[in-house]
Undergrad: 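The structure under discussion is supplied below as structure tokens; questions concerning it will follow.
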Protein chains: 2
Amino acid sequence: MRLTRAGEYGVRCILYLAACPRGAVVKKKEVALNMEIPDQFLSKIAQQLAVAGIVEIIQGSKGGLRLARDAKDVSLLDVVEAITGEIFLNDCVSDPNSCRNQPTCSVHRVWSKARMQLRETLGLATFAGLVEEGHCLQKKDDRA
Amino acid sequence: MRLTRAGEYGVRCILYLAACPRGAVVKKKEVALNMEIPDQFLSKIAQQLAVAGIVEIIQGSKGGLRLARDAKDVSLLDVVEAITGEIFLNDCVSDPNSCRNQPTCSVHRVWSKARMQLRETLGLATFAGLVEEGHCLQKKDDRA
DNA sequence: GATAAATAAGATGCTTTTTGTCTTATATCC
DNA sequence: GGATATAAGACAAAAAGCATCTTATTTATC
């Protein structure tokens with residue numbers, strides 16, 4: 001019941017990009033270095049974020065990463081789910097076969113509620129907000 | 001970000017016990033059979049539940065499992081955490097070293113909130129309530 | 001006390017997921 | 001065409017999850 005390391009890296013990546021000047025292309029290596037993400041692993045993560053429409057990957061010698069949309073339109077939920085898939089908490093909710101009688105199952109209902117709350121809380125946290133409030137892996141040369 | 005199978009089994013086990021007459025000793029095999037839990041695996045799970053003070057394990061020829069406290073005093077949270085350990089959602093919260101500046105970290109705060117909500121929701125769901133409302137792995141011979 | 005019926009406890013093994021790395025290919029700028 | 005990026009697929013080590021096997025221990029009953 002934990003966020004995977006890949007998920008955490010994804011969050012760090014977007015956190016970094018969101019703190020950069022808007023629209024700037026940032027080298028993958030720079031992100032990896034500053035946010036303490038294994039360089040090659042970040043490639044995989046970035047690709048997932050690109051598929052989800054969160055970042056844009058620019059190839060070539062001046063290539064790198066760029067937010068595909070404004071930081072205020074990217075939530076923690078977006079990033080986490082882009083990496084780890086949709087959050088479900090328990091199988092009962094995601095796999096109909098594992099629960100014989102879903103809508104009337106009391107246990108099921110509790111998990112469903114918990115899931116909704118979790119997704120809502122993560123969904124309300126935008127990266128614009130997160131950057132503004134400050135975080136613990138702040139860029140070293142950040143002088144906002 | 002999912003409940004493990006062991007956690008699910010733990011919930012099923014308590015669900016079954018909570019539906020039995022109060023104070024009754026139920027054979028492990030009966031629980032395993034009715035709730036579709038691998039028999040030996042249930043032993044391990046029951047032991048964890050016993051350590052947590054949720055069930056009492058009675059040895060010997062008339063042995064089995066029994067709730068150690070009233071079903072209304074056992075929550076989904078109790079059972080899940082007895083099996084999988086305390087819920088944290090992300091490492092940032094549980095491992096101080098992974099987050100340099102916890103209290104002022106915006107990301108950290110969101111996860112903390114999400115964690116609190118999740119634990120509260122699961123904590124409010126008692127097994128007395130869950131049994132009363134009905135669930136999807138109802139005992140076959142249940143005629144309440 | 002012996003026997004039967006239960007659980008305990010430790011070792012072991014298989015599978016899946018996670019977390020990467022290595023290598024080769026491809027794209028872009030100059 | 002060379003330099004500098006990322007892409008993509010294969011591969012592999014480590015950890016977690018999910019059990020099972022075996023041997024021991026406990027308790028009720030005869």
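A, B, ... follow the sequence lines: proteins, then strands. Residue 1 opens every chain.
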Undergrad: Calculate the interatomic distance between A/Q48 atom CD and C/dG20 atom C1'; express it in whole Å.
TA: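 Going from A/Q48 (CD) to C/dG20 (C1'), I get 13 Å.
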Undergrad: According to a hydrophobic-cluster definition based on side-chain heavy atoms being under 4.5 Å apart (Ile, Leu, Val, Met, Phe, Trp, Tyr only), do A/F41 and A/V79 belong together?
TA: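 Same cluster.
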Undergrad: For a side chain to side chain contact (heavy atoms under 4.5 Å, CB included) with B/E81, tell me which candidate from B/I87, B/L122, B/L76 qualifies.
TA: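 Only one of B/I87, B/L122, B/L76 forms a side chain to side chain contact (heavy atoms under 4.5 Å, CB included) with B/E81, namely B/I87.
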Undergrad: Would one find a side-chain N or O of A/Q47 under 4.0 angstrom from OP1 or OP2 of D/dA8?
TA: yes
Undergrad: Rounded to whole angstrom units, what separation is found between the CZ atom of B/R2 and the C1' atom of C/dT17?
TA: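 The answer, rounded to whole Å, is 12 Å.
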Undergrad: Establish whether A/I57 and A/I14 are linked, either directly or via other cluster members, by ILVMFWY side-chain heavy-atom contacts under 4.5 Å.
TA: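 In one cluster with A/I57: A/I14, yes.
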Undergrad: Using a strict threshold of under 4.0 Å (side-chain N to carboxylate O), is an ion pair present between B/R115 and B/E86?
TA: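 Looking at B/R115 together with B/E86, the answer is yes, because their closest N to O distance falls below 4.0 Å.
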Undergrad: Can you tell me the distance, in whole Å, between the NZ atom of A/K28 and the P atom of D/dA8?
TA: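 Distance check: A/K28 NZ to D/dA8 P gives 12 Å.
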Undergrad: What integer distance in Å separates B/E30:CD from C/dA6:P?
TA: 11 Å
Undergrad: Could you encode protein contacts along nucleotides 10-21 of chain D as a string, one character per nucleotide from 5' to 3', using B for base contact, S for sugar-phosphate-only contact and - for no contact, with a heavy-atom cut-off of under 4.0 Å?
TA: -------SSSBB
Undergrad: Measure the distance from NZ on B/K29 to C1' on C/dA4 and round it to the nearest whole Å.
TA: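 After rounding, the reported distance stands at 12 Å.
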Undergrad: Output, in order, the C-alpha distance, side-chain angles, deciding distance and verdict of side-chain hydrogen bond (donor to acceptor under 3.5 Å, both in side chains) for A/Y16 and A/R12.
TA: CA-CA 6 Å; A/Y16 190 87; A/R12 289 191 200 173; over 6 Å; no
Undergrad: Less than 4.0 Å between a side-chain N and a carboxylate O, is that true for B/K29 and B/D39?
TA: no
Undergrad: Expected output is a numbered-order residue list: members of residues 55-68 of chain B with a heavy atom under 4.0 Å from any atom of DNA chain D. What is it?
TA: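 Heavy-atom contacts with DNA chain D come from B/Q59, B/G60, B/S61, B/K62.
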Undergrad: Quickly work out the A/I45 CD1 to C/dT18 P distance and round it to whole Å.
TA: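 Rounded to whole Å, this separation is 12 Å.
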Undergrad: Output the rounded distance in Å from CG (A/L33) to P (D/dA5).
TA: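 Atom-to-atom, A/L33 to D/dA5, this comes out as 13 Å.
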